[in-house]
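Here is the structure we will look at.
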Amino acid sequence: MSSMTNGKVPAMMTGSHHRADAGVASSGSSGEQRPEQIFGADVFNERVMQQRLPKDVFRRLQRTILHAEPVDGAMADIVASAIKEWALERGVTHYCHWFQPLTGTTAEKHDSFIIPDGNGGAITEFTGSALVQGEPDASSFPSGGLRATFEARGYTAWDCTSPVFINRSGGTATLCIPTAFVSWTGVALDTKTPLLRSMDALSEQALRILKIFGADQGVTRVMATLGCEQEYFLIDRNYYFAREDLMACDRTLFGARPPKGQQLEDHYFGSIPARVLGFMSEAEHELYRLGVPIKTRHNEVAPGQFEVAPLYETANIACDHQMLVMETLRRVALRHGLACILHEKPFKGVNGSGKHMNWSMSTNTGANLLDPRDETHTNMQFLTYLCAVIRAVDLHADLLRASVASAANDHRLGANEAPPAIISIYLGDMLTDIIEQLEKGSPKSTLKGGKLDLGARTLPHIPRHTGDRNRTSPFAFTGNKFEFRAVGSSQSVGWPATVLNTIVAESLDYVATRLEADLGAKHTEAKLQSVVRSLLQEIVKKHKRVLFDGDGYTQEWHDEAKRRGLPNFRESVAALTKISAKKNADMFKKFRVLTRQELDSREHILIEKYIKQVLIEAETALVMARTQILPAAVRQQTELAEAVAATQAAGIDASESAEALEEFLGLVSGLRAAIRALDQAVNEDRDGDPHTHAEHVRDAVRPALDALRSAADAIENVVAANHWPFPTYRAMLCIK
C-alpha cells in the first residue's frame, strides 16, 4: 500500500502534524479518549514547546530544527527544564539517550532525575548538558574495527529534529531523547549520524536545482521524506516459545509444507480476526501516543501475516518511528497471547515480509519535488529531479542492493511478491511515455488516466491512474514518490535511506554542475528549457537500461538484465563486498556522509552479522535435530519395528510393514548424514578473514543447513503426530 497520499508534505518536523493536545481531554461519558485526542500525548512536540518555552527560545529552537542552526548552551538549559517539568507531570522518573547503534536495534541507558540534596532529601535535576550529551559505554557495540574493546568511551548527542518522547513499559515511564552515537574520536557508530549527514547533502544539492529554475523563493531546506510499510507475522505465543528456532533465530528452521498455505489467497485483505484486531488497536493506541501517524492496517498475503503503514514524515523522524513500530508490535503482541515475528522469511513456502520504503523530497514550504502534477511533459523541474534519480539508481545499483543485503533477506528476494535482486526502476505508462518522448526530442503530451465505467448504473465512474503498479519492481514510482520494495522487514531503514539520499545527492550535484556551467550567470527561459532538455536527453540515453516495466520474476528479464549489463547479486555476500568500492567510498567522502574508515566498518559489521546469523541458525538446527527430531524419529522407528515383529510373530504377512520400516530407516539414515554434514561445515577451520569466512558460510554451511531441513521435513510428513516434538506449520499458520 502507499503511505504517501498527496503532493503536499505536512509539517511533521516536530511531530505536530495532527492537532492533538497532551492527551488531557476525554470524549463522552465513557471517559475514553478518541485517537486524535491521544495523538502525541507522550511527545514533547511543537505544540507543547510553544506552550512551555519562552517565545524567543521557541523561535530559536524552531530555527535549529527547520534550518539546521546550532544549539547553544543557554537555550539547552531552558529547554531541558521545560522537558523535565513536562515529563515529571506525566509520571516519568528516569530519562535516557535513545540511540541506534550498528546492531540494527535501539539502545538506552536510564538515569534518574532524582539526586540527593545533601541534607537528607532529594531534588530533581535535568540540565542542558544532560539533554545535549550523554556518555554510554561504546566498547561492546559493533564498530567494525573502529574501536578496540579497551577503548570504551562513546558519546550521544541530542538530535533536536526528532521529538523527545515518553516510553511506557513495565509499569514505568521513561523519557527518551533521540540521539546520535559517536566514539571519543568523533567516528559515527550508529545509523542516525550518517543519515542526518546524507539529508544535509541531499538538501544542499536539491536547492541548487531549485535555484536554477528560480523556484527557491522562501525555500531554505529540502528534506528527504519516508513512509515505511511494515509487514509482520503473528503466531500464538505458546507456539513461539515451544520452538527453539523461533526464539533464537526468529524463523523456523524446520517445517513441512502444510496442505493449506496461501493457495486460496483468502487471507489477503480478509476480515481481520478479532484477537488480532484487538492487538492492532492497542498497538496503534500506543503508537498514537508516541506521535507515530499510523494510517493503515490489513491482512497480508500469507496466513498469519499482517501489515501496518504510517503517513510519511521527514526521513530521520520516520526512521525513529519505524524503530518504535517494531518495538511496539513485539511488546503489545505478548499481552494478547501472541508473538510478533519480523523476520523476512519465518515460514518456508509462503510470502516473506518486507518493509517498503516510500521515499521522496520536499521543501520546507511543503512542495513535493517528485509530484509530477498535471501536464507533466511541461514540468521540466520535475523531470530534472526524476532523471537525476534514474541516473543515481543506474550508477549505484550495486550499493542500493547492498543496502538491503542480509542473511534473512536472501530468503525473500525474488519470490512471493518480493522484488528480484536486480535493481531496476518502474515508472508506469505515463512517465515511461514522457521519458521516451524526451529521449527523441521535446515532450509534447501527457497520457491521461481517464475514467473507468464499471458497467452498473449504481456504480460511479471512477478515475483511473495513468499507470498500473508493478509488484515485482524493487524501485517503483508510485504517484509522487519512489517505493523501494527490497528493504527487509527486520532491518532499520536508516542505512538504505542514507544510501538513497547520498546517491541522489551525487546525481543532483552532477546535474546542477552541468547546468550551471552551460547556462552561465544570466540566461533566458528559452535557453534554460533548451539546456535542461539536452542534458536530460543525454541522461536518459545513457541510463535508460535501468528502466523496466515488465515482470521481474521471469527468466527472460534476468537474461535481458544481463544483456543490459545490470548487476545481479543473488545473495548478500557478493553484494556486501561492493559497499567499500572506490567509487562508493569517494562519493560518501565527497558529500561528508561517511569517511573511508566509517564505510569500511559498515561493510565489516554487515559481513560479520551475516556469518553470525547463519551460524546461530546452523547450531540451533543441530541442537533441534539431535535432541528433538532424531529422538522422535527413533521412537517412530521403534514402533514400526515392533509392529513388524508382532505381525510376523502372529504368522501374518508383514512385507508391506517391513517395506515401510525400510523406507523410514532410509529417512533416518539421511537425517543422521545431514546432521554430520552440517556439523562438519560449521566446525571446519577457517582463517581470520571475514570475507573468506562468509563465503564458506554461504557455500558450505547454508547448503548443509538446507539439506538438514529437507531430511527433517521428510520425516515430519510420515512420523506420528504425537511424536513430533514442536508445533507444525499446520498449527502455527492458523492463527485466529
Side-chain angles (χ1 to χ4, degrees), residues 13-16 21-22 40-100 106-119 121-138 153-167 172-184 186 190 192-193 196 200 221 290-291 314 316-317 320:
M13 293 296 291
T14 57
S16 61
D21 203 346
D42 284 338
V43 181
F44 195 76
N45 56 29
E46 183 178 350
R47 185 172 185 179
V48 178
M49 291 181 198
Q50 195 165 13
Q51 293 171 344
R52 291 178 174 264
L53 295 175
K55 289 183 179 180
D56 64 320
V57 174
F58 172 74
R59 286 194 294 267
R60 285 157 59 196
L61 183 58
Q62 285 298 96
R63 286 198 298 270
T64 296
I65 293 170
L66 296 174
H67 308 304
E69 294 185 6
V71 178
D72 64 73
M75 181 178 74
D77 281 331
I78 297 171
V79 174
S81 177
I83 290 175
K84 183 194 75 171
E85 294 305 318
W86 170 81
L88 292 175
E89 291 170 11
R90 283 153 180 78
V92 173
T93 58
H94 288 68
Y95 68 92
C96 73
H97 277 196
W98 185 79
F99 58 101
Q100 298 169 38
T106 60
E108 54 197 60
K109 182 186 77 171
H110 296 196
D111 287 299
S112 174
F113 283 124
I114 300 172
I115 61 171
D117 63 1
N119 297 311
I123 60 172
T124 58
E125 181 179 85
F126 185 54
T127 63
S129 60
L131 168 65
V132 170
Q133 181 177 333
E135 189 183 337
D137 189 338
R153 194 180 297 279
Y155 296 122
T156 49
W158 177 35
D159 173 19
C160 65
T161 65
S162 186
V164 171
F165 62 91
I166 297 171
N167 183 22
T172 64
T174 305
L175 181 73
C176 296
I177 304 160
T179 59
F181 178 47
V182 298
S183 74
W184 178 75
D190 65 343
K192 168 161 285 198
T193 303
L196 292 172
D200 288 343
R221 190 163 177 81
L290 294 170
T314 305
N316 67 307
I317 297 178
D320 287 354

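Position 1 is the first residue of the sequence; numbering continues from there. A quick note: this is a predicted structure, and the numbers were derived from the prediction, not measured.
Checked against salt bridge (charged side-chain N to carboxylate O under 4.0 Å, His left out), Asp190 has no partners two or more places apart in sequence or in another chain. Residues that satisfy the salt bridge (charged side-chain N to carboxylate O under 4.0 Å, His left out) test with Arg63, not counting sequence neighbours, are Glu69. For Phe58, there are no ring-ring contact (aromatic ring centres under 6.0 Å, His included) partners at least two apart in sequence or on another chain. Partners of Tyr95 according to the ring-ring contact (aromatic ring centres under 6.0 Å, His included) rule, which considers only residues two or more places apart in sequence or in another chain, are Phe113, Phe126.
Considering only heavy atoms from C-beta on, Leu53 comes within 4.5 Å of Val79 through its side chain. Between Gln50 and Gln62, every side-chain heavy-atom pair lies at or beyond the 4.5 Å cut-off. Two residues are said to be in side-chain contact when any heavy atoms from C-beta on lie closer than 4.5 Å; Cys96 and Lys109 fail this criterion. Contact check for Leu88 versus Thr124: side-chain heavy atoms found under the 4.5 Å cut-off. The closest side-chain heavy-atom distance from Met49 to Ile65 is below 4.5 Å.
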Side-chain donor-acceptor contacts of residues 128-136 below 3.5 Å, not counting sequence neighbours, with atom names and distances?
| residue | atom | partner | partner atom | Å |
| --- | --- | --- | --- | --- |
| Ser129 | OG | Thr127 | OG1 | 2.9 |
| Glu135 | OE1 | Arg153 | NH1 | 3.3 |
| Glu135 | OE2 | Arg153 | NH1 | 2.1 |

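The minimum heavy-atom distance linking Pro178 with Pro163 is given by the pair CG-O, 3.5 Å. Contact record, Leu61 with Met75: N-SD, 3.7 Å, taken as the closest heavy-atom pair. Taking both residues in full, the closest heavy atoms of Gly91 and Ala173 are given as O-CB, 3.9 Å, listed atom of the first, atom of the second, then distance. Taking every heavy atom of both residues into account, Val43 and Gly291 meet most closely at CG2-N, 3.6 Å.
Between the side chain of Asn119 and the backbone N or O of Gly121, no donor-acceptor pair lies under 3.5 Å.
Exactly one of Thr193, Thr106, Thr179, Asp320 qualifies for a side chain to side chain donor-acceptor pair (under 3.5 Å) with Gln100. That residue is Asp320. The only member of Leu175, Ile166, Val164 that meets side-chain contact (heavy atoms from CB on, under 4.5 Å) when paired with Asp42 is Ile166.
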Query raised in the report: Does the pair Thr172 and His94 meet the rule for a side chain to side chain contact (heavy atoms under 4.5 Å, CB included), with working shown?
Result: CA-CA 9 Å; Thr172 64; His94 288 68; over 6 Å; no
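Separation of atoms CD1 (Ile177) and CD1 (Ile83) is listed at 6.5 Å; rounding is to 0.5 Å.
The aromatic rings of Trp98 and Phe165 sit perpendicular to each other, their planes meeting at more than 60°, with 30° as the lower class boundary.
Among residues at least two apart or in separate chains, salt bridge (Lys or Arg N to Asp or Glu O under 4.0 Å) pairs with a member in residues 77-89 are Arg52-Glu89.
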